[in-house]
Amino acid sequence: MDTRSDSKTFEELALEHDIKQYSRTNTILLCIHIVLTVPYYVFSPRYMLIINLFSILFYIYGFKCIKKGRKSISNYSYMILAEILIHDIFCVLVFGWECGFELWILSLVGTYIKDYIEPDKPEKQKNLYAAVVVAIGLITFLSLYFITKYTDLPMHTPLKDDVVTFLMILNTCITFLAMIAFTNIYTRQMEFKFTELHNQADYDQLTKLGNRYYMNDLLESEEKVSKEDAGYCVAMIDIDHFKTVNDTYGHQSGDMVLTELAKLLSNDLPNNIKVGRWGGEEFLIISNHTVSYNDFLVILQDLRQKVEANLFSIENGEKIRCTISIGCAKFHEGYSVQEVIKKADTKLYIAKNSGRNRLIAE
């Protein structure tokens, strides 16, 4: 059974994923500045090399910021925006408009805003942040154009035409690569969160087993390929006297029993047999059309005996014994999923009323 073995919450998993994604982004930006060290060293005033060195140190320090948590990541994102913008302003003023450093702003505005920076903020707040970033980016872009075109700046460093061409090509490539990288990272980020939210909907959060919706999907899939001589089977399982466990030892102990039982039921099962939590203290086991009915019954008896022999841990380190009752039914031609489940439930009712701790099958 494909269970959710990881006990971490969705928020914890999402944070771990975001840390990985932001670390990759940070690595990309660090590599860009390391690459720029060469043209800065060869063509620019030494203070540009010093500025770039500070940018490199900034991104090295960024790895530490990213690991501090969600708030630190958010704050660091805005620091990245500021670093790119400030660095870009110096580059355009020193090297001129023709070298293409202003293209970084287009990359900044086009990809590094809104959902990427604040994916978990309310839509209104994200739109506001996006508008502010776009406005700052466009104002900076236009201001740099007019300043470089109509102002004779003392810091401007004239470059040869071939050098200007080289820097334009380099910056164009960096801009496109940055846009591709940021878009790809953001897409992977959203895919991960969609997958995790889907898992949250399909898996029981206490036992990490598939829930009723997940098991229903499996049954509907099996219904399409099952035949009279090769059909799926269903076993409904209920913990005997579970209300007594809750009333005597508390609901926390009851949850511990459910969690341990889920592991007992799902451990060592073949891939063609699936177990899920149906609701409350009820579990459902499905064998697909490749498992014979008799083999399935043998597996169920083994599970019942394993549960009977097990000592369940509860609060305060105590150990208690629990048993299960099982009702089993198999697919017949013309039976719907609900009819097979109802038949298994009827057999479970018989097991409960004939002494419990037993398997009743067709």
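Along the sequence shown, residues are numbered consecutively beginning with 1.
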Do Asp238 and Ser325 have a side chain donor and acceptor closer than 3.5 Å?
-> no
Is there a path from Tyr61 to Phe54 through hydrophobic residues (I, L, V, M, F, W, Y) whose side chains come within less than 4.5 Å of each other?
-> no
Around Asp162, counting heavy atoms of other residues, nucleotides and ligands shown, do more than 12 lie under 6.0 Å from its CG?
-> yes
For Leu284 and Met236, run side-chain contact (heavy atoms from CB on, under 4.5 Å): C-alpha distance rounded to whole Å, both residues' side-chain angles, the deciding distance at 0.1 Å, then the answer.
-> CA-CA 5 Å; Leu284 194 73; Met236 188 76 74; 3.8 Å; yes
In a check of side-chain contact (heavy atoms from CB on, under 4.5 Å) between Tyr22 and each of Ile80, Ile66, Thr27, which one passes?
-> Ile66
Ignoring hydrogens and angles, tell me if any N or O in the side chain of Asp295 forms a donor-acceptor pair with the backbone of Val291 under 3.5 Å.
-> no
In terms of side-chain heavy atoms, does His289 have a donor or acceptor partner in Ser226 at a distance below 3.5 Å?
-> no
Does any donor atom in the side chain of Thr290 or Asn288 lie under 3.5 Å from an acceptor atom in the other side chain?
-> yes
Thr151 side chain to Leu153 main-chain N or O, any donor-acceptor pair under 3.5 Å?
-> no
Does the salt bridge (charged side-chain N to carboxylate O under 4.0 Å, His left out) test come out yes or no for Glu282 and Arg212, once each step is laid out?
-> CA-CA 10 Å; Glu282 288 187 335; Arg212 183 182 290 239; 5.3 Å; no
Begin from the C-alpha positions of Glu281 and Val245 and carry the test side-chain contact (heavy atoms from CB on, under 4.5 Å) through to its verdict.
-> CA-CA 11 Å; Glu281 67 269 27; Val245 174; over 6 Å; no
Val307 backbone acceptor or donor facing Arg321 side chain under 3.5 Å = no
When hydrophobic residues are tied together by side-chain contacts of less than 4.5 Å, even through go-betweens, does Leu348 share a cluster with Ile360?
-> no
Output a table of donor-acceptor pairs, distance under 3.5 Å, between side-chain atoms of residues 308-318 and any protein atom two or more places apart or on a different chain; print 'none' if there are none.
unit_1: Glu308; atom_1: OE2; unit_2: Asn357; atom_2: ND2; d: 3.1
unit_1: Asn310; atom_1: ND2; unit_2: Glu260; atom_2: OE2; d: 3.2
unit_1: Ser313; atom_1: OG; unit_2: Lys319; atom_2: NZ; d: 2.7

So with a 6.0 Å cut-off around CZ of Phe90, is the heavy-atom count from everything else above 12?
-> no
Test item: side-chain donor near acceptor, Ser23 and Asn26, under 3.5 Å = no
What is the distance from atom CD of Glu98 to atom CE of Met168, rounded to the nearest 0.5 Å?
-> 7.5 Å
Anything under 30° is parallel, anything over 60° is perpendicular, the rest tilted; go ahead and classify Tyr76 against Tyr59.
-> perpendicular
If you draw a 6.0 Å radius around NZ in Lys263, do more than 12 non-hydrogen atoms from other residues or ligands fall strictly inside?
-> no
Test side-chain contact (heavy atoms from CB on, under 4.5 Å) applied to Met155 and Tyr47, step by step = CA-CA 10 Å; Met155 65 178 64; Tyr47 60 80; 3.5 Å; yes
Tell me whether Leu303 is reachable from Val298 by hopping between hydrophobic residues (I, L, V, M, F, W, Y) whose side-chain heavy atoms are closer than 4.5 Å.
-> no
Kindly say whether Val94 contributes a backbone atom to a donor-acceptor pair with the side chain of His156 at under 3.5 angstrom?
-> yes
Counting only heavy atoms not in Lys68, do more than 12 sit closer than 6.0 Å to its NZ atom?
-> yes
Is it true that the NZ or CZ of Arg46 lies under 6.0 Å from the centre of Tyr41's six-membered ring and within 45 degrees of the ring axis?
-> yes
Should we count NZ of Lys20 as having more than 12 external heavy atoms under 6.0 Å?
-> no
Test item: Arg358 side-chain N/O and Arg356 main-chain N/O as donor-acceptor pair under 3.5 Å = yes
Before giving the answer on side-chain contact (heavy atoms from CB on, under 4.5 Å), spell out for Ile174 and Leu103 the whole-Å C-alpha distance, their side-chain angles and the decisive distance to 0.1 Å.
-> CA-CA 9 Å; Ile174 289 175; Leu103 295 176; over 6 Å; no
Heavy-atom neighbours of Asp268 CG exceed 12 at 6.0 Å = no
Is the Phe146-Trp97 ring centre distance short of 6.0 angstrom?
-> no
Once you round to the nearest 0.5 Å, how far does OG of Ser55 lie from CD1 of Ile50?
-> 12.0 Å
Only pairs under 3.5 Å count here: list side-chain donor-acceptor contacts from residues 330-342, not counting sequence neighbours, and write none if there are none.
unit_1: His332; atom_1: ND1; unit_2: Glu228; atom_2: OE2; d: 3.1
unit_1: His332; atom_1: NE2; unit_2: Glu362; atom_2: OE1; d: 3.1
unit_1: Glu333; atom_1: OE1; unit_2: Glu228; atom_2: N; d: 3.2
unit_1: Ser336; atom_1: OG; unit_2: Glu339; atom_2: N; d: 3.2
unit_1: Ser336; atom_1: OG; unit_2: Glu339; atom_2: OE1; d: 3.4
unit_1: Glu339; atom_1: OE1; unit_2: Ser336; atom_2: N; d: 2.8

Checking salt bridge (charged side-chain N to carboxylate O under 4.0 Å, His left out) for the pair Asp247/Lys243: CA distance, chi angles, key distance, verdict?
-> CA-CA 6 Å; Asp247 292 344; Lys243 185 177 184 300; 2.8 Å; yes
Determine whether Phe58 and Val35 fall in the same hydrophobic cluster, where Ile, Leu, Val, Met, Phe, Trp and Tyr are linked whenever their side-chain heavy atoms lie under 4.5 Å apart.
-> no
Can you say whether the rings of Trp104 and His33 are parallel (under 30°), tilted (30 to 60°) or perpendicular (over 60°)?
-> perpendicular
State yes or no: do Ile169 and Ile32 share one hydrophobic cluster built from I, L, V, M, F, W and Y residues joined by side-chain heavy-atom distances below 4.5 Å, directly or via other members?
-> no
Out of curiosity, Ile273 CD1 to Leu265 CG, how far, rounded to the nearest 0.5 Å?
-> 12.0 Å
Do other residues, nucleotides or ligands put more than 12 heavy atoms under 6.0 Å from Phe141 CZ?
-> yes
